[in-house]
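All chains are named by letter (A, B, ...) in the order of the sequence lines, taking the proteins before the strands, and each is independently numbered beginning at 1. Any value given below was found using the heavy atoms of this structure, including those in side chains, with hydrogens, waters and symmetry copies removed.
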2 protein chains.
Amino acid sequence: MPAHDRPDVTDAELGVLQALWDDGPSTIRQLTDRLYPSGGTSHYATVQKLLERLEQKGCVARNRAAMTHVFAASVSREAFVGDRVRAVAERLCGGSIAPVLTHLLKTESISEGDRKELRKLLNTIQPKMP
Amino acid sequence: MPAHDRPDVTDAELGVLQALWDDGPSTIRQLTDRLYPSGGTSHYATVQKLLERLEQKGCVARNRAAMTHVFAASVSREAFVGDRVRAVAERLCGGSIAPVLTHLLKTESISEGDRKELRKLLNTIQPKMP
DNA sequence: CCCAGGGTAAGACAAACTGTCTGAACTCGC
DNA sequence: GCGAGTTCAGACAGTTTGTCTTACCCTGGG
């Protein structure tokens with residue numbers, strides 16, 4: 001299953017994506033006002049270019065119906081973070097992420113509630129991969 | 001604990017790091033022979049430059065005792081992967097990695113043995129952070 | 001009608017990054 | 001002292017990244 005052919009995004013692109021996650025579908029104008037308050041025409045163009053690149057990367061969908069296009073994130077925050085973490089694990093240790101999980105559990109402090117949740121997930125039967 | 005001030009590494013740098021992880025401390029010559037078999041003087045210089053950058057990034061330690069320096073990874077594979085995953089989670093969702101763990105557990109298939117290990121880790125009392 | 005204000009599209013641009021490569025100086029054993 | 005092997009310093013082209021400019025296209029109000 002081709003899950004993570006979605007490339008990484010740059011810092012500025014991430015800013016736009018975060019804004020879309022927070023505010024929902026928006027126009028360039030709305031995004032510009034949020035990301036560059038008191039920003040001029042050039043910042044508007046910057047956001048425009050960032051959205052164009054995000055669209056090519058498959059992270060943003062553009063609705064061309066109206067004259068003024070409306071942009072929306074085409075991937076949820078959680079899925080994106082998950083894919084990105086998986087990509088890092090893939091690149092660095094060849095896909096076996098169990099050691100990574102172990103390391104994270106050892107070094108991160110996790111609340112009791114979250115631990116409970118994780119325990120529950122671990123106890124569910126894992127669907128077999130073909 | 002200033003854990004993750006270690007920056008990311010590029011693809012070529014990662015190749016060198018992997019070689020160091022696999023083979024242990026090595027000289028430039030050994031690394032060049034491994035990474036660029038039948039490589040000439042220029043590849044030697046390439047490895048040299050990559051090691052220099054890795055040293056600056058704090059990923060590689062150089063032993064200058066002998067005339068021919070010996071290089072070693074200054075971070076274990078597991079710690080590096082962990083730090084990198086943590087950095088990604090930090091950048092993308094502000095440090096709370098529990099949702100990431102949840103997502104990974106949900107979407108990745110993990111062997112029963114590994115699940116057992118993770119369960120055990122989850123059951124140990126978490127040391128309180130100051 | 002026309003034209004001003006907002007929108008899109010296309011691309012130029014400098015700065016930084018990446019991988020590669022060149023040249024000079026330096027050290028050792030013979 | 002020579003030559004092979006090493007370190008050091010930096011040049012270099014190709015790509016990426018964030019910014020910005022320009023030209024063009026709609027649409028609504030006078």
Let me know the distance between [atom1] of [X] and [atom2] of [N], rounded to the nearest Å.
X	N	atom1	atom2	result
A:Asn63	C:dG7	CG	P	16 Å
B:Lys57	C:dG19	NZ	C1'	12 Å
A:Leu50	C:dT8	CG	P	14 Å
B:Glu13	C:dC17	CD	P	12 Å
A:Phe71	C:dG7	CZ	C1'	11 Å
B:Tyr36	C:dC21	OH	P	9 Å
A:Asp11	C:dA16	CG	C1'	13 Å
A:Gln30	C:dG6	CD	P	15 Å

Do the side-chain N or O atoms of [X] get closer than 4.0 angstrom to the phosphate oxygens (OP1, OP2) of [N]?
X	N	result
A:Arg62	C:dG7	no
A:Arg29	C:dG6	no
A:Tyr44	D:dT19	no
A:Thr10	D:dG18	yes
B:His43	C:dC21	yes

Exercise. With nearest nucleotides of DNA chain C determined for B:Asp8 and A:Ile28 from heavy-atom distances, which residue corresponds to the more 5′ nucleotide?
Worked result: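 Going by which nucleotide is closer to the 5' end, it is A:Ile28.
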Problem set entry | Whichever of B:Met67 and B:Thr41 has its nearest DNA chain C nucleotide further upstream toward 5' |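 Comparing both residues, the 5'-ward one is B:Thr41.
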Which nucleotide in the set [options] lies at the smallest distance from any side-chain heavy atom of [X]?
X	options	value
B:Gln48	D:dT17, C:dT20, D:dT7	D:dT7
A:Arg53	D:dG18, C:dT22, D:dA11	D:dG18
A:Lys49	D:dC20, D:dT6, D:dT17	D:dC20
B:Arg64	D:dC8, D:dG10, C:dT22	D:dC8

Exercise. Can we say B:Arg91 and B:Asp8 salt-bridge, meaning some charged N sits less than 4.0 Å from an Asp/Glu carboxylate O?
Worked result: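 No, no charged N to carboxylate O under 4.0 Å.
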Exercise. What are the two closest heavy atoms between B:Pro25 and B:Ala72, and how far apart are they?
Worked result: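 In this case the closest contact between B:Pro25 and B:Ala72 is CG-CB, 3.9 Å.
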Problem set entry | Option from B:Arg6, B:Lys49, B:Lys57 for which salt bridge (charged side-chain N to carboxylate O under 4.0 Å, His left out) with B:Glu13 holds |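 For B:Glu13, the salt bridge (charged side-chain N to carboxylate O under 4.0 Å, His left out) check succeeds only for B:Lys57.
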Exercise. NA contact type, B:Glu52, heavy-atom cut-off 4.0 Å: base, sugar-phosphate, or nothing?
Worked result: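 Counting heavy atoms under 4.0 Å across all strands, no contact is made by B:Glu52.
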Exercise. So what does A:Ala45 hit on the nucleic acid, given a heavy-atom distance under 4.0 Å: a base, only sugar-phosphate, or nothing?
Worked result: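 Contact class for A:Ala45: base.
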Problem set entry | Separation of A:Arg53 CZ from A:Leu51 CG (nearest 0.5 Å) |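 Answer rounded to 0.5 Å: 11.0 Å.
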Problem set entry | A:Leu101 CG to B:Leu105 CG distance, which is reported to the nearest 0.5 Å |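 Between A:Leu101 CG and B:Leu105 CG, I get 5.5 Å after rounding to 0.5 Å.
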Exercise. Only one of B:Arg84, B:Gln18, B:Arg77 clears side chain to side chain contact (heavy atoms under 4.5 Å, CB included) with A:Leu92; which?
Worked result: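 One option only clears the test, and that one is B:Arg84.
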